[in-house]
Amino acid sequence: MSKPMTVVLGVIGSDCHSVGNTILNVFFTEQGFKVVNLGVMVSQEEYIAAAIETGAEAILVSSLYGHGEIDCAGLREKCIEQGLDDIILYVGGNLVVGKTDYSLVEEKFKKMGYNRVFSPEFPLEDMAELLRQDIRKRRQERENKD
Amino acid sequence: MKTKTDSQQLICVDIGSTYTKGALFALKDGKLELLDRQLSPTTVEHLPDGFYSVAKKLVPSQDWKRPDYDHDELPVFFSSSAKGGLKMAVVGLVPDMSLHIGRLAAFSAGAKVYFSYPYKLARKHIREIESADLDILLLCGGTDGGNEFYVQANAEKLAASSFSGTIIYAGNSTVDEEIEEILEDKKLVITENVMPEFGELNIEPVRTAIREIFLEQIVAGRGLKELVNKFDSRPLPTPLAVYNLAKAIGENVPGWDSFGMLDIGGATTDFYSFCESFDPDSSDSMLKGVAEPKLKRTVEGDLGMRVTAVSSFEIGREELVNSETLSEDEALAMHEYTEKVAADTSYLPDLPEEKAFDFHLGGICARHAVTRHAGTMKQAYTANGRVWVQTGKDLRKINKIIGTGGYLASLGRENKALAVPQYEDKSDAISLVPTDYLYYADTQYILPLVGNLAEKYPKQSAKLAIELLNQIKIKD
């Protein structure tokens, strides 16, 4: 049996939308991931502390209240500072207020260091598959380095 | 054969760094009673001598040196904090997570934590560990199945060091065997992870391990084996006796389900809290981080009345001056006073201003020990309105505080209470310290001795402890 894929999950900032978080928790657990769910109103420091202690391979950040841009900026830099250089960062939800072209949103968050950016319409099954692929790829890259 | 009588006498002895204290108790009709209390200087070169001297004062008719001591007739309980108490270092991973939980485990086993290191041990940390003469090092970090890099890297460094105390490993259990291999040349005890799942506390296995190591190795090293064998008694680190008593009081005495206990010593200040750490029914607040235990002990190594008087004063100086409790001149005089008492640690104040300095010093120790022990709460505004985000333990439900230790006992004998001073706080986080409480002084400084009985007689010892306290009104 291969090592379980551990992911840290939570809703960032002063955001207390807990329904989606609960759904994601149940969904990714059913998909075979080991989910460390931090719930709502999670700070960047909390994601990182959890990722270090649990040896997580990815952090899944949700933001639903429109302040995602402010809350999410700087997480990649903090991860690097704490030695989580190559951790996979996903972000998804209603990342900005109003109707903005999604490709612009994606570009903005990718610049911040997020590996993948998801709109609320993105199918969860596909996301789980991408996550598995990304984690396998990261494991491969790590092995090659050693 | 021993005939069972309805009255049994018991002896408790606490071997402190300066004094060996003893008390004679009677257990009659299911009730404990204090009969006598004695003390003698601690005999550092051979601790049993001071022990016998106290025992003889308590029960002169007993032949204490006879080899076939009848411990059913007069049971002996004892604790020790001589020779620096139980000295530990904690090596964890993230400061607020595994390292924090590791420290809680060490404190709740009665230890003093000399060093706490997160992440990877640096060379200078190894040097500090090597030169500190520590009894135990607790190595933890990583949830089960989680991070395995740091604990192994730190184990490698410890393996290469000259550290000769016992290492307890209580980190990610996935690498238990690797750790065992890396540390094969060290004294090693492996227990369950202090944090098996993220944010989950599991401190009992480490507490048990510390207790066993104290009995098997440290007690012998302190020259107490003789007493263990003779009296068939398992000694406790003194703070553990107090911890057990706090537990017994909180669980057994009506009206004492939320209380604190402050022990200001010459070198350190201990605070114990017994209360729920978070109110889960509260609709507008949420808890972040570790849910702390109902009974929590912390020890501050830089707060104390004598050995650490200078550092204590430095910590509180600004508050005393800013609140106009002290003028600049008085602050200078107090600084000189703290240097004097740090050099002459048995000094007892004579002049009224010196007594006032000691009182301020006690206030600093109390305030900072309690503030560091307590959690904080911050306001956050969300789309659903305002919420309070709590981290750490909420002590606001505490409605009684016991003052113990040499200084608070003597202050209590003058019928003076030491309230935890409050100053205006400008930070955006609210400190969750107790604000409205009754004060009780352990004027006879008897709690460590009563605490020796707390495991075997929880109800009786808790009741007696409360009877022996003196309630003192806090002046506004």
Side-chain angles (χ1 to χ4, degrees), chain A residues 1-19 21 25 29 33-57 59 63-68 70-71 78-79 81-87 93-94 97 142 146, chain B residues 92-102 118-120 140-153 170-175 193-202 283-291 377-391 428-429:
Chain A
M1 205 187 88
S2 67
K3 201 180 160 219
M5 295 178 170
T6 303
V7 297
V8 173
L9 177 72
V11 186
I12 199 165
S14 302
D15 194 341
C16 50
H17 290 88
S18 60
V19 178
N21 173 259
N25 187 12
T29 306
F33 292 93
K34 167 133 178 79
V35 182
V36 180
N37 186 20
L38 303 178
V40 298
M41 297 183 70
V42 179
S43 67
Q44 294 192 352
E45 288 74 15
E46 278 178 86
Y47 286 110
I48 292 169
I52 295 174
E53 293 274 9
T54 62
E57 295 175 273
I59 296 176
S63 178
L64 296 119
Y65 70 157
H67 302 280
I70 303 165
D71 292 334
K78 276 210 185 88
C79 283
E81 229 170 63
Q82 296 278 313
L84 297 171
D85 304 45
D86 61 347
I87 194 159
N94 302 312
V97 183
R142 291 196 142 197
D146 288 340
Chain B
L93 185 41
V94 176
D96 289 341
M97 301 309 301
S98 55
L99 179 59
H100 177 71
I101 298 175
Y119 306 111
K120 226 165 130 181
C140 55
T143 53
D144 284 346
N147 192 300
E148 39 191 71
F149 168 75
Y150 287 93
V151 285
Q152 292 187 79
N172 182 357
S173 63
T174 315
V175 289
N193 194 345
V194 288
M195 185 174 72
E197 293 284 336
F198 185 72
E200 190 186 307
L201 216 87
N202 179 37
S283 57
D284 64 346
S285 61
M286 59 187 300
L287 181 68
K288 285 288 178 186
V290 178
M377 205 172 234
K378 267 187 185 166
Q379 276 189 80
Y381 293 92
T382 73
N384 298 358
R386 193 185 66 185
V387 279
W388 291 97
V389 180
Q390 178 186 330
T391 47
D428 59 341

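So you know, we letter chains A, B, ... as the sequences are listed, proteins then strands, and number each from 1.
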Is it the case that the side chains of B:T143 and A:E53 hold a donor-acceptor pair, with the cut-off being a distance below 3.5 Å and no angle test? no
Looking at B:A380, B:P95, B:S98, which makes the most heavy-atom pairs under 4.5 Å with chain A? B:S98
Are there residues of residues 35-48 of chain A whose heavy atoms fall under 4.5 Å of chain B's heavy atoms? If so, which? A:V36, A:L38, A:V40, A:M41, A:V42, A:E46
Approximate separation, where rounding is to 0.5 Å, of A:S18 OG and B:M286 CE: 9.0 Å
State the OG1-CG distance between A:T54 and B:D144, to the nearest 0.5 angstrom. 12.0 Å
Looking only at heavy atoms, what is the nearest atom pair of B:Y150 and A:Q82, with distance? OH-O, 4.1 Å
Please check if atom NZ in A:K78 has more than 12 non-hydrogen atoms from other residues, nucleotides or ligands closer than 6.0 Å. yes
Rounded distance (nearest 0.5 Å) linking atom CG of B:L93 with atom CD1 of A:I52: 6.0 Å
Taking all heavy atoms of A:S14 and all of B:Y381, pick out the closest pair and write down the distance. CB-O, 3.4 Å
